[in-house]
Every structure is written in structure tokens, then in C-alpha cells.
Amino acid sequence: MRNLDEDTITQAVLARHTGAADPRLREVMTSLVQHLHAFARDIRLTEEEWFAGIRFLTEVGHITDDKRQEFILLSDTLGLSMLVTALNNRKPRECTESTVFGPFHVEGAPEYPLGADVANGARGEPCFVRGRVLGLDGAPVPNAELQVWQADADGRYDVQYAGDHGHRARGTLHADAEGHFHFKSIRAEAYPIPHDGPVGRMLDALGRHPWRPAHLHFMITAPGFERLITHVFRDGDRYLDSDAVFGVRRSLIADWVEHPPGPTPDGGISEVPYYTLDFDFVLNPERTA
Ligand SMILES: [Fe+2]
């Protein structure tokens, strides 16, 4: 166990893990150490580069708090989040595809009745969203819980504004017994992921832009079905083919239909142009062990 060198260090570390009580932890750490060491050998990591990496991860930690999740941004921009999503969400083609969770979900968003305006003062062009939650057989999934969240006209989520202003452009709703849901919000807009921190500097150094195509987030849960975490993307967005976090799926792109000022689906009158989005979600039955 002395005089370990570049050829023997890997096996020496792995030998220390034989006492791990959790076999899955041992498997994960064995593979992680093997890949980390192989990576360092492969690129002949210099001491300066090793230190730059430590400094970078330290900065990612320092900027992270309960509202800013730089580690998720890092995972997202390296494609790891989408890879994990893809690995864990293999399901029948007819099901709505999953995509990345992202860093802007908030626990405890207010519950709204169907038809309510979840924008709650967020700036943006009015948009009426409606659809159904269905099972694989096309039958309605009754009373599914839908959590929705999105950026405003300036491409920012409520949590990116300073001060306590309550929840805006996010909420929790329940579909009715026939699986129908509808609510009012604002038109989704493209936005850059927060790029004033270490992940932004990384993207810049790599010659990458930080933009995500316009989208509306959904998390849908119902007893007997797998939880669905996904977005609906706005067709025509210039960033659909270069999403900074690799989350776009063709089946999740939909038309935000523009309407002139006039009568709106909620029975009101809009004095400005407004949009409608129709999208149905198909849930996968829960796997039974
Ligand atoms: Fe988002």
C-alpha cells in the first residue's frame, strides 16, 4: 500500500471500497473512480488544470442557494440531466416524452382552480392553455395534479427577481374527472439560463450560447401512473435546434396560436392579441415490481 504510482493507484482506491455496506454505492463509486482516473490519464491532467477544476466546482457551490441551483445548470449544460432523463424514462412511443426538470421548479406553488390566471401579475402576452391528461388507452386520467411554471416576457422566472413578490407564472391545478384542464397564463419566451456565474463563463469559453427555446414546464402526477416531468416548446423558436440544455423533443413542440383582439376562450374580451395552446398529455402506467 506504499509507493503507489500512476499504474497502481486506481486499484488501491477500489480496494478501499470493499467494506461498503451498500452494494449499489460500491458499484457507483467503483465506476466513478475508474472513469475519473481514466479521464485524468487520457488528457494527462496537469496540476494547474486540476486546481482550476477544483476552483470551478468551489465557485459552483458558492453561488448555489435555495433559489440559484448552479449544479443543476452544470449538469443540464453538460447534457447529463437529459442523459439521466432518457435512461430513466423509456416508455411506449404513445406516451408524452419526458425532458429535463431544470432549476426553476419551486415546491409549494399555489393551488388554482381550473381556468384561473396563474400569471398572477407576471408580464407577458395573454395565453390560454388547455388540454387533457390521458392514459395509454386514450381513456381520461381523472383529477391529475398539474404543476406548471414558466418564464415571463423578459425571459425570467419569478425566483430570479429580488424581493418577495409571491409566486408568478407558476401554479398547481387539478384536471377534472374527464382529464380536462385549462388555465390562463402568458406566452412562453426564449430565455438565457443564468450565465453570470461559473457555468456561464464555461459556456462562453466553449463558444456556446446560454439560450433555451420558449417553453412551458409541466409536472403531472396521478395515482397508478408514472410522474411526468416535461415541457411544451413553442414552435418557430430560433433556439429549438440549439437548446443550451439539450431538452428539445420533436413530439413536445406545439403551436402557440395567435388570435386578434376579441372574445377569449374564458368568455372575456381581450383588447390585445392573445394566444392559445392546446396540448394533451399521455401518462405511462406505473410499473409494478
Ligand atoms: Fe424553463
Side-chain angles (χ1 to χ4, degrees), residues 63-86 89 96-110 118-125 127 129 131 146-161 165 167-173 183 185-197 199-200 203 208-221 227-256 275 277 279 281:
I63 202 170
T64 295
D65 59 23
D66 59 342
K67 293 204 167 145
R68 170 92 180 234
Q69 233 308 351
E70 196 80 355
F71 279 106
I72 291 184
L73 278 186
L74 179 59
S75 169
D76 288 356
T77 51
L78 294 180
L80 180 63
S81 305
M82 198 58 225
L83 173 60
V84 172
T85 296
N89 289 279
T96 304
E97 289 190 275
S98 302
T99 189
V100 292
F101 189 48
F104 295 118
H105 175 262
V106 170
E107 292 291 340
V118 307
N120 190 29
R123 236 169 50 75
E125 300 182 73
C127 179
V129 183
L146 298 97
Q147 292 190 41
V148 300
W149 65 105
Q150 68 167 109
D152 66 12
D154 295 315
R156 297 168 83 185
Y157 288 80
D158 52 1
V159 292
Q160 294 177 281
Y161 289 93
H165 36 65
H167 298 281
R168 293 196 305 231
R170 68 172 74 241
T172 304
L173 305 116
F183 60 94
S185 190
I186 47 179
R187 195 180 81 146
E189 302 292 347
Y191 65 84
I193 59 166
H195 56 107
D196 57 342
V199 169
L203 293 181
R208 290 173 52 179
H209 72 70
W211 286 84
R212 298 215 61 207
H215 59 272
L216 172 56
H217 292 261
F218 283 87
M219 178 157 74
I220 303 178
T221 48
R227 183 173 69 174
L228 173 64
I229 294 174
T230 195
H231 319 341
V232 181
F233 293 90
R234 184 152 64 84
D235 199 8
D237 191 287
R238 63 183 289 205
Y239 297 111
L240 281 172
D241 292 315
S242 66
D243 183 4
V245 307
F246 308 98
V248 179
R249 292 290 169 272
R250 196 177 302 121
S251 68
L252 300 177
I253 300 172
D255 209 9
W256 260 251
Y275 290 79
L277 167 66
F279 202 88
F281 296 91

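What you see below is based on every heavy atom in this structure, not just the backbone, and it leaves out hydrogens, waters and symmetry mates. Just follow the structure's listing: the first ligand is 1, and inside any ligand the first atom is 1.
Residues Asp235 and Trp256 are not in side-chain contact: their nearest non-hydrogen atoms beyond the backbone lie 4.5 Å or more apart.
Distances from the Fe ion (ligand 1) to the N/O/S atoms of His215 are shortest for NE2.
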Test side chain to side chain donor-acceptor pair (under 3.5 Å) on His215 and Tyr191 and set out the steps.
CA-CA 9 Å; His215 59 272; Tyr191 65 84; 3.1 Å; yes
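Here His231 fails the criterion, with no N, O or S atom under 2.8 Å of the Fe ion (ligand 1).
Between His217 atom NE2 and Tyr191 atom OH, the angle centred on the Fe ion (ligand 1) amounts to 160° (nearest 10°).
Taking the six-membered ring for Trp and the full ring otherwise, the centers of Phe101 and His217 sit at least 6.0 Å from each other.
Atoms OG1 and CG, from Thr96 and Leu252 in turn, are 7.5 Å apart once rounded to the nearest 0.5 Å.
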